[in-house]
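Below: the structure, in structure tokens.
These figures come from a predicted structure and were not determined experimentally. Below, chains carry the letters A, B, ... as their sequence lines are ordered, and counting in each starts from 1.
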2 protein chains.
Amino acid sequence: MAYTTERRPLRADAQRNYDRILGAAREVFACQGAGASLKEIARRAGVGSATLHRLFPSRRTLLEAVFHDRVEELCANAAQRAKESEPGPALLAWLGDLTAYAAGSRGLAASLLHDGRDADLLDQNEGCQAMITAAARELLQRAQQAGAVRPGVRAEDLLALVNAISLAAEHHDDDAQAGRLLNIAIEGISLQPAENA
Amino acid sequence: MAYTTERRPLRADAQRNYDRILGAAREVFACQGAGASLKEIARRAGVGSATLHRLFPSRRTLLEAVFHDRVEELCANAAQRAKESEPGPALLAWLGDLTAYAAGSRGLAASLLHDGRDADLLDQNEGCQAMITAAARELLQRAQQAGAVRPGVRAEDLLALVNAISLAAEHHDDDAQAGRLLNIAIEGISLQPAENA
DNA sequence: CTCTAACCGGAGCACCAGCCCGTTTGTCAA
DNA sequence: TTGACAAACGGGCTGGTGCTCCGGTTAGAG
């Protein structure tokens, strides 16, 4: 809840506003999607819009902050999966987690797409993207060493694909679609011949 | 160029404006992406914004009109591919065409996503989406009958995936990514065991 | 307690999509 | 050819956005 820029401790009032904004953003994003009005968030947080823009210079900064804990959780899942399953299944299971999560949090996918060349996000390199990429790379590497996944597949591609799938599925009424699309992708990275069903 | 609503012939001036807007939209979308300002398009077409909104009730209507000919071309490609290749390779080749095209026309993918529940688009069911879906279904069905593609795969899913891939690749600097992602998807739908490279 | 720098937030800017409505213009019948 | 009328036009308005400027407020160090 009290995640802040590590630069220098915020002044007490600033920290309070930071938390309020984060809370409001969580609610608003959840029910209106990631495209929601920032003014509305500021209003609901009882804060001027300038304050919001000072603490979160871009919409994406805010999104990253909002999703930060849940992404951490997801990365923890990755470690857990790695421990309790074989490399191959671990990766697959985690991709499932990821898809479910991304499809569930409306608009996360969309916002993560919008180009990484976001100045203030790059130096603060503990961004969500970086964490997830690291986790994915780890799982993928082990799966590849175990021979469960084709060697040509890259972690970034896998993530991009999952991201894209979530995004696509979000906009079709069909709830099960994300699962089917993921399945297409998975069958694609699996080394074993596909079943003949 | 002179594609119009088939309802009733537009009055001469209206038709002229229709064409001008289409021309301007083509230019503007091409260089600014599909999110470009509609006012700017109207301005460049030498037309009031109301006129644009009357002839094209939504941004998507305009996009559909702009891309209509090229989509037709794409569907013609599908027939061509079907004639000159085996069912399996034909589908794969066409998916390649589709990806290349979608990745090339910035923003088409994004706009096609945004939910199909667009009233004025549904009755005018000769929309791009419908044409492409039909073409894909045809190719897919033949490929499946020939045993080249797993039976579980649906045409809509395939299209959604290609669409998602184009969208994802568009936002990463990596130009070759679309190809790699498509490859992941393809290996996934192929019935033959993956090569051991 | 004082004083400064950090912080606040409303007013303002530029932009957008979409609509209203008085005006112009194409079209068709007389 | 002319007249009448519906069709089409487009400027300007509304209500929204993201973002910034700047005069006022306040936390908190000394």
Side-chain angles (χ1 to χ4, degrees), chain A residues 2 4-25 28-29 31-66 107 110-111 114-115 118-121, chain B residues 2 4-25 28-29 31-66 107 110-111 114-115 118-121:
Chain A
T4 78
T5 291
E6 311 297 356
R7 298 285 188 188
R8 194 193 329 141
L10 291 173
R11 226 171 67 173
D13 51 349
Q15 180 68 54
R16 195 176 54 238
N17 285 338
Y18 188 103
D19 293 341
R20 275 190 195 165
I21 292 173
L22 221 49
V28 174
F29 283 150
C31 81
Q32 298 189 31
S37 159
L38 298 184
K39 262 206 166 68
E40 163 67 19
I41 292 176
R43 207 176 307 129
R44 193 181 294 216
V47 141
S49 66
T51 298
L52 187 150
H53 284 286
R54 205 174 317 110
L55 293 174
F56 304 94
S58 71
R59 159 174 260 107
R60 179 161 167 171
T61 322
L62 181 53
L63 278 167
E64 291 251 358
V66 164
S111 77
H114 275 88
D115 42 19
D118 208 337
D120 45 51
L121 251 296
Chain B
T4 78
T5 291
E6 312 295 358
R7 297 287 189 188
R8 193 192 330 139
L10 290 173
R11 228 171 63 175
D13 51 349
Q15 180 67 56
R16 194 178 53 239
N17 285 337
Y18 188 103
D19 292 341
R20 276 190 195 165
I21 291 173
L22 221 49
V28 174
F29 283 151
C31 81
Q32 300 188 30
S37 160
L38 298 185
K39 265 213 164 62
E40 161 68 18
I41 292 176
R43 208 176 305 131
R44 192 180 292 215
V47 141
S49 67
T51 297
L52 187 149
H53 285 287
R54 205 173 316 109
L55 293 174
F56 304 94
S58 69
R59 158 174 260 107
R60 178 162 167 171
T61 323
L62 181 53
L63 278 166
E64 291 251 359
V66 165
S111 78
H114 273 89
D115 42 19
D118 208 338
D120 44 50
L121 252 297

How many whole angstroms separate atom [atom1] of [X] from atom [atom2] of [N]?
| X | N | atom1 | atom2 | result |
| --- | --- | --- | --- | --- |
| A:Y18 | C:dC8 | OH | C1' | 18 Å |
| A:L10 | C:dA6 | CG | P | 12 Å |
| B:D13 | D:dC9 | CG | P | 5 Å |
| A:R16 | C:dG9 | CZ | C1' | 14 Å |
| A:L63 | D:dG18 | CG | P | 12 Å |
| A:F56 | D:dT20 | CZ | C1' | 18 Å |
| A:L52 | D:dT17 | CG | C1' | 13 Å |
| B:L62 | C:dG18 | CG | P | 11 Å |

Give a yes/no answer on whether the side chain of [X] brings an N or O atom under 4.0 Å of OP1 or OP2 in [N].
| X | N | result |
| --- | --- | --- |
| A:R54 | C:dC8 | yes |
| A:N17 | C:dC7 | no |
| B:T51 | D:dG10 | yes |

Given [options], which nucleotide is nearest the side-chain atoms of [X]?
| X | options | result |
| --- | --- | --- |
| A:S49 | D:dC9, D:dT20, C:dG26 | D:dT20 |
| A:R11 | D:dG28, D:dG12, C:dC8 | D:dG28 |
| A:A50 | C:dA11, D:dC21, C:dC8 | D:dC21 |

- For A:I41 and A:F29, what are the C-alpha separation, side-chain angles and deciding distance, and is it a side-chain contact (heavy atoms from CB on, under 4.5 Å)? CA-CA 9 Å; A:I41 292 176; A:F29 283 150; 3.9 Å; yes
- Query: Taking C-beta and beyond as the side chain, do B:L22 and B:F56 meet within less than 4.5 Å on heavy atoms?
  - Reply: yes
- Indicate, yes or no, whether a donor-acceptor pair under 3.5 Å links the base of C:dG18 to the side chain of B:R59.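 Such a pair does not exist between side chain and base.
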- Message: Using 0.5 Å steps for rounding, measure from the CG atom of A:N17 to the CZ atom of A:R11.
- Response: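 It is 10.5 Å, given to the nearest 0.5 Å.
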- Interatomic distance, CZ@A:R43 vs CG@A:L52, rounded to 0.5 Å, equals 11.5 Å
- Item | B:L38, B:L62, B:T61 screened by side-chain contact (heavy atoms from CB on, under 4.5 Å) with B:H53, the one that passes | B:L38
- Mind checking salt bridge (charged side-chain N to carboxylate O under 4.0 Å, His left out) for A:R54 and listing every partner two or more places apart, or none if nothing turns up? none
- Query: Between the main-chain N or O of A:G35 and the side-chain N or O of A:R59, is there a donor-acceptor pair closer than 3.5 Å?
  - Reply: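 Looks like yes, one N/O pair under 3.5 Å.
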- Taking DNA chain D as the partner, which of residues 36-45 of chain B come within under 4.0 angstrom of it by heavy atom?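 Under 4.0 Å from DNA chain D: no residue of residues 36-45 of chain B.
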